[in-house]
Peer 1: 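I have a structure here, written as structure tokens, and I will follow up with some questions on it.
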Amino acid sequence: MGKASKEKTLADKRLRLDKLLSNMGYGTRSEIKKAVKQGSVTVDGRVVKDSGLQIKPKEQQVAFNGEQVIYRDVIYLMLHKPPGVVSATEDSRDQTVIDLLDTNDQVLQPFPVGRLDKDTEGLLLLTNDGQLAHDLLSPRKHVSKTYFARVLGEEAVGQADRDQFASGVELDDGYVTMPARLEIEQTERTDEGWLSLIQITIQEGKFHQIKRMFQAVGKQVIYLKRLSMGPLHLDETLPIGEYRELTEDEIELLRSHRAENA
Ligand code: URA
């Protein structure tokens with residue numbers, strides 16, 4: 001479908017008033033029905049009493065207790081993931097990244113695009129746009145991901161590791177990774193051995209991939225943070241554990257990146 005006709009379809013889309021308000025986190029359908037009956041809701045400035053009214057959310061102005069309801073059906077969030085939370089929508093033991101979101105955002109049912117280990121920090125995209133998520137995660141698309149890591153070893157990370165990572169590393173299960181780019185920022189001798197601060201860019205997302213790549217060359221990742229995913233970079237002004245919506249520019253970057261890699 002062309003962009004213009006897709007926009008037209010969106011503008012024409014109708015939704016029941018109670019569904020629109022519950023999608024936006026204003027309460028359950030029955031709570032909303034009650035609030036509508038009590039006159040708390042206006043459509044285009046007029047009080048309405050029928051919660052089953054069909055609304056064009058892109059065209060009509062809905063207000064709840066005088067506050068304008070901003071209608072969204074897709075959501076794109078950038079989370080600065082803290083350690084200690086799992087990249088899942090539900091977990092019986094651990095806090096999940098979804099638990100870090102406001103209810104207003106949770107109601108749109110975003111999910112994490114890919115997984116970071118529980119102890120990994122940094123950029124995590126959350127969305128309910130299944131197609132975009134699928135495209136970013138598809139192994140065929142080789143979306144690059146850059147991480148910062150602190151690595152311990154008996155030797156510093158060096159040229160031999162850089163060469164090996166560039167040609168592919170054999171992991172513990174026999175899988176040989178795709179070429180990865182390694183940049184060494186700093187190395188220093190410590191009481192526990194050589195500590196290296198590095199950046200690594202990989203194009204795939206195997207389980208514990210970076211930790212296992214260093215393990216394969218006799219070293220240990222002791223800290224890992226994702227800095228970017230495709231064209232999307234972690235906003236370093238975003239405090240750890242906090243999130244924000246992507247800007248229009250960031251969404252556009254992701255969309256055009258997808259088109260280039262289609
Ligand atoms: N590689 C890892 O080892 N862990 C992550 O969380 C991401 C990439």
Side-chain angles (χ1 to χ4, degrees), residues 77-91 93-101 110-127 133-153 157 161-162 164-185 192-236 238 240-243 254 257:
L77 304 172
M78 174 189 292
L79 170 68
H80 189 163
K81 180 188 172 298
V85 295
V86 294
S87 306
T89 48
E90 276 174 45
D91 195 275
R93 270 189 327 191
D94 289 311
Q95 196 185 22
T96 73
V97 289
I98 303 298
D99 296 328
L100 301 176
L101 308 181
F111 54 86
V113 179
R115 278 168 189 266
L116 291 178
D117 295 340
K118 186 173 164 185
D119 60 351
T120 301
E121 300 177 9
L123 173 67
L124 189 65
L125 172 66
L126 297 134
T127 184
H134 174 266
D135 289 349
L136 286 170
L137 293 175
S138 163
R140 284 187 303 111
K141 308 252 162 116
H142 308 314
V143 173
S144 55
K145 282 142 292 213
T146 299
Y147 294 79
F148 168 78
R150 285 202 263 273
V151 181
L152 259 188
V157 175
D161 300 313
R162 208 170 6 212
Q164 182 140 23
F165 280 19
S167 55
V169 187
E170 186 172 337
L171 300 182
D172 45 12
D173 57 1
Y175 177 79
V176 179
T177 59
M178 289 175 59
R181 202 176 62 238
L182 187 56
E183 280 174 36
I184 302 161
E185 288 184 357
E192 286 114 303
W194 279 90
L195 174 67
S196 308
L197 311 190
I198 61 99
Q199 281 196 23
I200 179 170
T201 303
I202 58 174
Q203 304 169 48
E204 49 197 338
K206 301 283 171 209
F207 185 61
H208 296 329
Q209 178 157 344
I210 294 175
K211 292 174 186 163
R212 289 161 71 211
M213 286 173 79
F214 278 101
Q215 212 174 43
V217 295
K219 297 182 173 76
Q220 190 197 357
V221 172
I222 55 167
Y223 172 83
L224 190 60
K225 174 179 179 179
R226 182 153 66 190
L227 305 176
S228 66
M229 180 178 197
L232 191 64
H233 292 263
L234 177 66
D235 176 350
E236 291 284 357
L238 200 56
I240 191 156
E242 309 245 323
Y243 71 100
L254 285 176
H257 185 265

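Just so you know, these numbers use all the heavy atoms, side chains as well, and skip hydrogens, waters and symmetry mates. As the structure lists them, so they are numbered: ligands from 1, and atoms in each ligand from 1.
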Peer 1: Within the 3.5 Å criterion, strictly below it, is a donor on Glu204 or Tyr175 matched to an acceptor on the partner's side chain?
Peer 2: yes

Peer 1: Any donor-acceptor pair under 3.5 Å linking the side-chain atoms of Thr146 with those of Thr201?
Peer 2: yes

Peer 1: Taking the side chain from Lys81 and the backbone from Val86, do they hold a donor-acceptor pair closer than 3.5 Å?
Peer 2: no

Peer 1: Does Asp117 have any side chain to side chain contact (heavy atoms under 4.5 Å, CB included) partners at least two apart in sequence or in another chain, and if so, which?
Peer 2: Asp119, Thr120, His208, Lys211

Peer 1: Ligand 1: which residues have a non-hydrogen atom closer than 4.0 Å?
Peer 2: Leu116, Asp117, Thr120, Tyr147, His208, Gln209, Ile210, Lys211, Leu224

Peer 1: Is it the case that the side chains of Gln199 and Glu185 hold a donor-acceptor pair, with the cut-off being a distance below 3.5 Å and no angle test?
Peer 2: yes

Peer 1: Charged N to carboxylate O under 4.0 angstrom, Lys225 versus Glu236?
Peer 2: yes

